[in-house]
Amino acid sequence: MIKALRGMKDLTLEESERFVHIVTTAITIAKRYGYGYIETPILEETKLFKRSVGESSDIVGKEMYQFEDKGGNDVCMRPEGTAGVVRAFVQSKFDRQQSAKFKFYYYGAMFRYERPQKGRLREFHQFGCESFGEALVYEDFTIIEMIGDIFKALGIGYKLQINSLGCPDCMPQYRENLIKFLTECKDELCEDCNRRIDTNPIRVLDCKNDKCQSLLVESPKLIKNLCSNCDSDFQKLTSLLESANIEYEIDTNLVRGLDYYNKTAFEFVSDNIGSQSAIAGGGRYDKLVEFLDGKPTPAVGFALGIERIMELVEMPIKERKGYYIGAMDEEAVDILFPLASKKRQSDRVTIEYSPKKLKAHLKGADKVNARYCAVIGEDEFRDGTIWIKDLVKKEEFTLPQREF
RNA sequence: GUAGGCGUAGUUCAGUUGGUAGAGCACCUGUUUGUGGCACAGGUUGUCGCGGGUUCGAGCCCCGUCGCCUACCCCA
């Protein structure tokens, strides 16, 4: 038997319904906030991700599905959605429309060659939004509010963590201070953190190692070293959240995994899905458009992990819907089809092709969760009528076939 | 890349000190002639992950292998 590749899953029955429910709910809400759909390729030039996601990250370093295509191009299956959207934004020259606003939503498969575990697959799906051209922190707030709306609509509880990553005016100075601090306690930090001091010192902040974390209590906090602009934006964000009654906590160690973020960074976190607790994450990335050869354009965005959310959603109760139709004798089967076509203009219809006893038809209707069970038996065939039972109200009646 | 756990019916699992497999759910059929969900009765379903070894005999023990899961790492 040929099986799906490791870390890749088929979605059927309840699972696929969950999936669709999440995506359609997210789309409905994103549209309310003025977002329009963008579709970008799954395969992109490897260069794109090296430049956007950042060469130092593990994603680019060892987790990408990277290969040479038949034309000799160095290509890569997208490990995240933002890079492609930004590339498309620049390629479409939307960046030339100074101060115009563009808001896109997307959803689709992402690929990372990792060891699968709970809430982590090699092919996984994200829904995300990217807002271009809005520099004001109001947009950061609005995006967070929108994600809150999505989770509310899905009935999912969460905790919101926020932080500010600063900007080119304050981040480099902070980085220096942090490196200085880390170098001083170097000997007590774990092996990984020692490596990170050189490669990506900011990532030391979210090291999982308890000992590292206890040392970091004393570390300089970016949040206290922001430049005046970043600081006032962060203050504004927290006050907007408070007046909207959105609970949050400031996590000074919250760092985004991708290099392109600045200023606002946030993460929506849930318990109950194992160690992969982040269900959505995002923030501001004002420099990325420029990095990818566009004109400087401020941007904010987020992505949510659909598979992780699938573990948390409660599905609305399924109601009986539509018709089940069947015949009790072979000769009546053919007349089911025109009747079904007519009903299918507006309702779901299941046709049973094999003649069966009434009892079997009722069971069949039950199984496909139909509201009505319609059957043509011996009498109905003779009279040109059809017998219908409402399985919810338990009422039954007979109609001429032309009135069905 | 590292560590641990697990692979037995469609599914969830049980399987005693080694004697060639069971249960619930699901599915199918019935409970007299045209009335579903419930109940009852009956029935179908397995290369016991794969390969080798030990043994008179292996689902059970040993070795290997593949797969899945969980955690580390990393991340949505």
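We name chains A, B, ... by the order of the sequence lines, and we start the count at 1 in each one. These numbers come from the heavy atoms of this one structure, side chains and all, not from hydrogens, waters or symmetry mates.
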When the side chains of residues 339-346 of chain A are checked against the rest of the protein, which donor-acceptor pairs come out under 3.5 Å, sequence neighbours left out?
from: S341(A); atom 1: OG; to: F337(A); atom 2: O; distance (Å): 2.9
from: K342(A); atom 1: NZ; to: R402(A); atom 2: O; distance (Å): 3.1
from: K342(A); atom 1: NZ; to: F404(A); atom 2: O; distance (Å): 3.0
from: R344(A); atom 1: NH2; to: V349(A); atom 2: O; distance (Å): 3.0
from: Q345(A); atom 1: NE2; to: S341(A); atom 2: O; distance (Å): 3.2

Run the side-chain donor-acceptor check on residues 29-36 of chain A: report pairs under 3.5 Å with partners two or more places apart or on a different chain.
from: Y33(A); atom 1: OH; to: D149(A); atom 2: OD2; distance (Å): 2.6

Quiz: residues 289-306 of chain A side-chain donor-acceptor pairs under 3.5 angstrom, not counting sequence neighbours:
from: D293(A); atom 1: OD1; to: R51(A); atom 2: NH2; distance (Å): 2.8
from: D293(A); atom 1: OD2; to: R51(A); atom 2: NH2; distance (Å): 3.0
from: T297(A); atom 1: OG1; to: K295(A); atom 2: O; distance (Å): 2.7

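Side chain R112(A) to base A76(B): a donor-acceptor pair is found below 3.5 Å. The base of U35(B) lies outside donor-acceptor range of the side chain of K359(A), with no N or O pair under 3.5 Å. The base of C73(B) sits within donor-acceptor range of the side chain of R120(A), with an N or O pair under 3.5 Å.
Among residues two or more places apart in sequence or in another chain, the ring pair (Phe, Tyr, Trp, His ring centres under 6.0 Å) test is passed with F19(A) by H125(A). Remark: S92(A) pairs with F94(A) by the side chain to side chain contact (heavy atoms under 4.5 Å, CB included) rule, at least two apart or across chains. Applying the side chain to side chain donor-acceptor pair (under 3.5 Å) criterion to K221(A), with sequence neighbours excluded, gives S219(A). Looking at residues two or more places apart in sequence or on another chain, you find no ring pair (Phe, Tyr, Trp, His ring centres under 6.0 Å) involving Y106(A).
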Atom pairs under 3.5 Å, N or O on each side, protein against nucleotides 27-29 of chain B: can you list them with distances?
from: C28(B); atom 1: OP1; to: K367(A); atom 2: NZ; distance (Å): 2.6
from: C28(B); atom 1: OP2; to: K367(A); atom 2: NZ; distance (Å): 3.3

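Between G4(B) and G42(B), the two P atoms lie 48 Å apart (nearest whole Å). Taking the C1' atom of each, C62(B) and C25(B) are spaced 36 Å apart, rounded to whole Å. A distance of about 16 Å separates the C1' atoms of C48(B) and G19(B), rounded to the whole Å. Comparing G5(B) with C56(B), their C1' atoms sit 35 Å apart, to the nearest whole Å. Taking atom C1' on both nucleotides, G57(B) is separated from U17(B) by 15 Å, rounded to a whole Å.
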Dot-bracket summary - RNA chain B, pairs being Watson-Crick or G-U whose distances fall under 3.5 Å, with | when paired to another strand: (((((((..((((.....[..)))).(((((.......))))).....(((((..]....))))))))))))....
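If you measure from atom CG of D329(A) to atom C1' of G34(B), you get 11 Å, rounded to the nearest angstrom. Here the C1' atom of nucleotide U33(B) and the CD atom of E378(A) are 11 Å apart, to the nearest Å.
For residues 349-373 of chain A, every residue pair satisfying the salt bridge (charged side-chain N to carboxylate O under 4.0 Å, His left out) rule, not counting sequence neighbours, is listed here: R320(A)-D366(A), E352(A)-K356(A), R371(A)-D390(A). Listed by first then second residue, pairs satisfying side-chain hydrogen bond (donor to acceptor under 3.5 Å, both in side chains) with a partner in residues 163-172 of chain A number zero, not counting sequence neighbours.
Considering only side-chain atoms of D366(A), the nucleotide from U70(B), U2(B), G37(B) that sits closest is G37(B). Which of C68(B), G34(B), C72(B) sits closest to the side chain of R6(A) comes down to C68(B). Comparing atom distances between the E380(A) side chain and each of U70(B), U35(B), G34(B) picks out G34(B) as nearest. When distances run from any side-chain atom of Q117(A) to the nucleotides C73(B), U35(B), G37(B), the shortest one goes to C73(B). Closest contact between the side chain of L362(A) and the listed nucleotides C69(B), G34(B), G36(B) involves G36(B).
If you check every strand for non-hydrogen atoms under 4.0 Å, F302(A) touches nothing. If you check every strand for non-hydrogen atoms under 4.0 Å, L304(A) touches nothing. Among the atoms of the strands shown, only primed sugar atoms or phosphate atoms (P, OP1, OP2) are found under 4.0 Å from some heavy atom of A280(A).
Listed by residue number, the members of residues 394-404 of chain A with any heavy atom below 4.0 angstrom from RNA chain B are K394(A), E396(A).
No hydrogens or angles considered: nothing links the side chains of T385(A) and E380(A) as a donor-acceptor pair under 3.5 Å.
Between K9(A) and E123(A) there is no salt bridge, since none of the side-chain N atoms of the basic residue sits less than 4.0 Å from a carboxylate O of the acidic one.
In this structure, R284(A) is not positioned above the aromatic face of Y261(A) in the sense of NZ or CZ being under 6.0 Å from the six-membered ring centre and within 45° of the axis.
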